[in-house]
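I have placed the structure first, in the form of structure tokens, so that the comments after it can refer back to it.
For the single chain, residues carry numbers from 1 onward in sequence order. Values reported hereafter were calculated over all heavy atoms of this structure, with side chains retained and with hydrogens, waters and symmetry mates removed.
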Amino acid sequence: QVQLVESGGGLVQAGASLRVSCAASGRTFRIARMGWFRQAPGKEREFVAAINWNGGSTYYADSVKGRFSISKDNAKNTMYLQMNSLKPGDTAVYYCAATGLYRNSAYLPPSYDYWGQGTQVTVSS
């Protein structure tokens, strides 16, 4: 079992920056890939970014490419999402996810086995 805990969410104005973190614990040796998803009220859970744990390859949704940056610290078992130039459309609960396998797609929620409880990010206009 892997436990994931997000932190760093908050309320910011449009154009501001925010960094959210995801700390993994438990059987972290299982982790092959970690990612960030977000979900706004009335919408499906949406892919944001992902990173392969060993190779370091990254993946981004078109909506955040150029604004968000995903990174990791293997020694700390922690993943980060640096969010710049935030827009009101970025408002959502941001969820950390992890998988022990490289699934068919890094972009789909079913590809991930473990999930955190989420952290709220609200961007005002």
Side-chain angles (χ1 to χ4, degrees):
Q1 182 69 270
V2 174
Q3 294 81 45
L4 304 173
V5 179
E6 304 96 335
S7 62
L11 173 63
V12 298
Q13 296 185 37
S17 296
L18 199 64
R19 189 179 78 164
V20 291
S21 302
C22 174
S25 61
R27 300 182 181 181
T28 56
F29 63 87
R30 294 179 178 268
I31 297 175
R33 173 181 289 154
M34 296 185 72
W36 289 98
F37 290 77
R38 65 188 184 186
Q39 188 166 22
K43 295 184 178 181
E44 296 182 358
R45 192 161 296 189
E46 174 190 21
F47 171 79
V48 177
I51 186 166
N52 291 347
W53 207 244
N54 294 321
S57 298
T58 58
Y59 312 84
Y60 293 95
D62 290 341
S63 60
V64 305
K65 191 174 184 179
R67 298 189 297 122
F68 291 9
S69 180
I70 191 170
S71 62
K72 62 182 177 66
D73 187 330
N74 295 55
K76 296 181 178 180
N77 293 315
T78 301
M79 175 181 65
Y80 308 93
L81 183 67
Q82 178 67 44
M83 300 180 287
N84 300 321
S85 301
L86 283 163
K87 305 174 181 179
D90 296 318
T91 296
V93 176
Y94 282 70
Y95 294 93
C96 174
T99 179
L101 297 171
Y102 293 104
R103 305 290 175 86
N104 290 337
S105 176
Y107 311 103
L108 302 177
S111 296
Y112 297 84
D113 302 305
Y114 311 103
W115 294 85
Q117 295 299 305
T119 185
Q120 177 70 47
V121 174
T122 302
V123 184
S124 62
S125 60

> Which value, rounded to the nearest 0.5 Å, describes the distance between Ile31 atom CD1 and Met79 atom CE?
Replying inline: 9.0 Å
> Among pairs that include at least one residue of residues 36-65, which meet disulfide bond (SG atoms under 2.5 Å apart), considering only residues two or more places apart or in two chains?
Replying inline: none
>> List the residues meeting side chain to side chain contact (heavy atoms under 4.5 Å, CB included) with Val93, not counting sequence neighbours, and say none if there are none.
In response: Tyr95, Gln120
>> If we ignore hydrogens and angles and just use 3.5 Å, is the side chain of Thr91 paired with the main-chain N or O of Gly89 as donor and acceptor?
In response: no
>> Is any side-chain heavy atom of Leu18 closer than 4.5 Å to one of Leu86?
In response: yes
> Got a sec, which pairs hit salt bridge (charged side-chain N to carboxylate O under 4.0 Å, His left out) with one end in residues 51-65, sequence neighbours left out?
Replying inline: none
>> When you compare the side chain of Thr99 with that of Tyr114, does any pair of heavy atoms fall below 4.5 Å?
In response: no
> Which residue pairs pass the ring-ring contact (aromatic ring centres under 6.0 Å, His included) test when at least one of the two sits in residues 9-52, sequence neighbours left out?
Replying inline: Phe37-Phe47, Phe37-Tyr112, Phe37-Trp115, Phe47-Tyr107
> Which residue pairs satisfy the salt bridge (charged side-chain N to carboxylate O under 4.0 Å, His left out) criterion with at least one member in residues 42-55, sequence neighbours excluded?
Replying inline: Arg38-Glu46
>> If I take atom NZ from residue Lys72 and atom CD1 from residue Ile51, how far apart are they, to the nearest 0.5 angstrom?
In response: 5.0 Å
> Would you call Met34 and Trp53 a side-chain contact if the rule is heavy atoms closer than 4.5 Å?
Replying inline: yes
> Who passes side chain to side chain contact (heavy atoms under 4.5 Å, CB included) against Ser71, sequence neighbours left out?
Replying inline: Tyr80
> Quick one: does Thr28's side chain have a donor or acceptor within less than 3.5 Å of a partner on Ser25's backbone?
Replying inline: no
>> Let me confirm one number: the CG-OG distance from Leu81 to Ser69, rounded to the nearest 0.5 Å.
In response: 8.0 Å
>> Show every side chain to side chain donor-acceptor pair (under 3.5 Å) that has at least one partner inside residues 9-22, sequence neighbours left out.
In response: Ser17-Asn84
>> Going by the rule side chain to side chain contact (heavy atoms under 4.5 Å, CB included), which residues pair with Ala32 if we only count those two or more places apart in sequence or in a different chain?
In response: Tyr102
> For the atom pair OG (Ser57) and CD1 (Ile70), what is the distance rounded to the nearest 0.5 Å?
Replying inline: 11.5 Å
>> Can you give me the closest heavy-atom contact between Ala14 and Ser125, atom names plus distance?
In response: CB-CA, 4.3 Å
Without placing hydrogens or testing angles, list every side-chain donor-acceptor pair under 3.5 Å for residues 2-10, not counting sequence neighbours.
from, atom 1, to, atom 2, distance (Å)
Glu6, OE1, Gln117, N, 3.1
Glu6, OE1, Gly118, N, 2.9
Glu6, OE2, Cys96, N, 2.7
Glu6, OE2, Gly118, N, 3.1

>> Holding to side chain to side chain contact (heavy atoms under 4.5 Å, CB included), I want the full list of residues that pass it with Lys87, two or more places apart in sequence or in another chain.
In response: Arg67, Asp90
>> Strictly by salt bridge (charged side-chain N to carboxylate O under 4.0 Å, His left out), give each pair with a member in residues 101-116 just once, sequence neighbours left out.
In response: Arg103-Asp113
> Partners of Asp73 by salt bridge (charged side-chain N to carboxylate O under 4.0 Å, His left out), sequence neighbours excluded?
Replying inline: none
> Run the side-chain contact (heavy atoms from CB on, under 4.5 Å) check on Tyr59 and Asn52 step by step: do they pass?
Replying inline: CA-CA 9 Å; Tyr59 312 84; Asn52 291 347; 3.2 Å; yes
